[in-house]
Amino acid sequence: MRTALVLGGGGITGIAWELGLLAGLRGAGLDLTGADLVVGTSAGSVVGAQATSGADLDDLYARQLRPPRGEAAARMPRTALARWAWAFVRERDPDRARARIGRMAHRRSTSSPAERRRVISARLPTRDWPDGTDLRVVAVDARTGRRAVLDRDSGVPLLDAVMASCAVPGVWPPVPLRGRPHVDGGVYSATGADLAAGCDRVAVLAPIARGLGPVRSPAAELAGLPGAPRTALVVPDAAARAAIGGNVLDPARRAAAARAGRAQAERAADRVAAAWTAAG
């Protein structure tokens, strides 16, 4: 039986919430980090790299509770969100729409590549792709709008792959991979759950529950998986949404989001276990 853990995008608070969930689920006797396949998009790419690094989940969770230092809050401008929506409305071809968003990312980023490298590097316990786990990191080619699925055989260093997957258009600069600029994988999909096709058991942790235009919702992606795998989708409940607040890029909300994820794990454990551990 092949298992897949899919970790969706959702900013700094999404990282914290997912780590809280994973730590809480392990505390309930359910360790999802041993999945055969781990798919990470945007925030999920950070969590995927962390969870497959060999670092202890409780230590990773504890890091989320520390006061934020040296990392300023960012915010996705409303104008950037409007441009995303307009690109999907104006272009019938989703790839062309994503390429328009990629061009916007190049013009309107507010942080330097060197600063982003420092921030993302500080989040990763290691710069090495994991052994024994199929970790896939999702980004989008900013010129073509096509998805790039990066793994240890892609020739792209793990740090660069995660940087690209987290490069939110309109907030942070595109990341060059193999000579081409790449942006946040969330421009293509909130989770990348379709990459779990062929797996028998699939758990999806999705800080963002809704889709936008051709970006399908996590529930829709799961519903489209072939072969009727056993699946579990966890999205923030009301308490977690309140803890996360209105700005997912604010480090000051990190600790509250992590605690909310851990608390939610207790309520979600039975449902996830029913999909993850069921025989047959």
Side-chain angles (χ1 to χ4, degrees), residues 4-22 32 38-48 50-51 64 73-78 80-85 87-88 94 97-98 101 105 123 136-140 147 162 164-172 183-196 202-225 231-251 253-254 256-258 260-261 264-265 268 272:
L5 170 62
V6 179
L7 301 160
I12 291 171
T13 55
I15 294 171
W17 177 78
E18 288 179 355
L19 284 171
L21 268 173
L22 290 173
L32 301 185
V38 176
V39 177
T41 298
S42 197
S45 72
V46 176
V47 178
Q50 291 175 332
Q64 300 301 307
R75 182 178 290 276
M76 169 68 93
R78 292 180 182 271
L81 287 171
R83 289 187 180 94
W84 281 39
F88 286 134
R98 285 185 279 266
I101 294 170
R123 292 177 182 160
R136 302 181 193 177
V137 171
V138 180
V140 168
R147 178 166 65 177
V162 174
S165 188
C166 294
V168 180
V171 180
W172 292 307
V183 294
D184 195 305
V187 177
Y188 187 94
S189 164
T191 63
D194 64 300
L195 294 174
V202 183
V204 179
L205 310 186
I208 297 174
R210 292 180 294 182
L212 173 64
V215 180
R216 294 190 296 167
S217 70
E221 286 195 319
L222 271 184
L225 287 178
T231 65
L233 170 63
V234 185
V235 301
D237 60 13
R241 292 195 300 272
I244 288 168
N247 181 10
V248 301
L249 303 179
D250 185 357
R253 309 293 299 191
R254 183 161 46 208
Q264 186 175 350
V272 177

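Listed by first and then second residue, the side-chain hydrogen bond (donor to acceptor under 3.5 Å, both in side chains) pairs that reach into residues 207-216 come to none, sequence neighbours excluded.
In this structure, Q264 contributes its side chain and L21 its backbone to no donor-acceptor pair below 3.5 Å. Here the side chain of S45 pairs a donor or acceptor atom with the backbone of S42 at under 3.5 angstrom.
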Q: Quick one: do L22 and L205 satisfy side chain to side chain contact (heavy atoms under 4.5 Å, CB included)? Show the steps, please.
A: CA-CA 9 Å; L22 290 173; L205 310 186; 3.8 Å; yes
Q: Dump the intermediate steps for side chain to side chain contact (heavy atoms under 4.5 Å, CB included) on T231 and V204, then the final yes or no.
A: CA-CA 8 Å; T231 65; V204 179; over 6 Å; no
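Pairing each heavy atom of R136 with each of L195, the nearest pair is NH1-O, 3.8 Å. Taking all atoms of both residues into account, the shortest heavy-atom contact from G40 to S165 is O-OG, 4.1 Å. Taking every heavy atom of both residues into account, V235 and W17 meet most closely at C-CZ2, 3.5 Å. In this structure, T13 and D250 approach most closely via the heavy-atom pair CG2-O, 4.2 Å. The two residues E221 and S189 come nearest to each other via the heavy atoms OE2-OG, 2.7 Å. T191 and A206 make their closest contact through CG2-CB, 3.8 Å (heavy atoms, listed as atom of the first residue, atom of the second, distance).
Here T41 pairs with nothing under the side-chain hydrogen bond (donor to acceptor under 3.5 Å, both in side chains) rule; sequence neighbours left out. Take A223 and apply the side-chain contact (heavy atoms from CB on, under 4.5 Å) test, not counting sequence neighbours, and it matches no residue. Residues satisfying the side-chain contact (heavy atoms from CB on, under 4.5 Å) criterion with A219, sequence neighbours excluded, are S217, L233. Evaluation of the side-chain contact (heavy atoms from CB on, under 4.5 Å) rule for A16 yields Q64, R254, A257, A258 as partners, not counting sequence neighbours. A243 is linked by a side-chain contact (heavy atoms from CB on, under 4.5 Å) to A256, A260, counting only residues two or more places apart in sequence or in another chain.
I15 contributes atom CD1, which lies 4.5 Å from atom CZ of R123 (distance to the nearest 0.5 angstrom).
Contact annotation: the side chain of I244 approaches that of P236 to within less than 4.5 Å [non-hydrogen atoms, C-beta and beyond].
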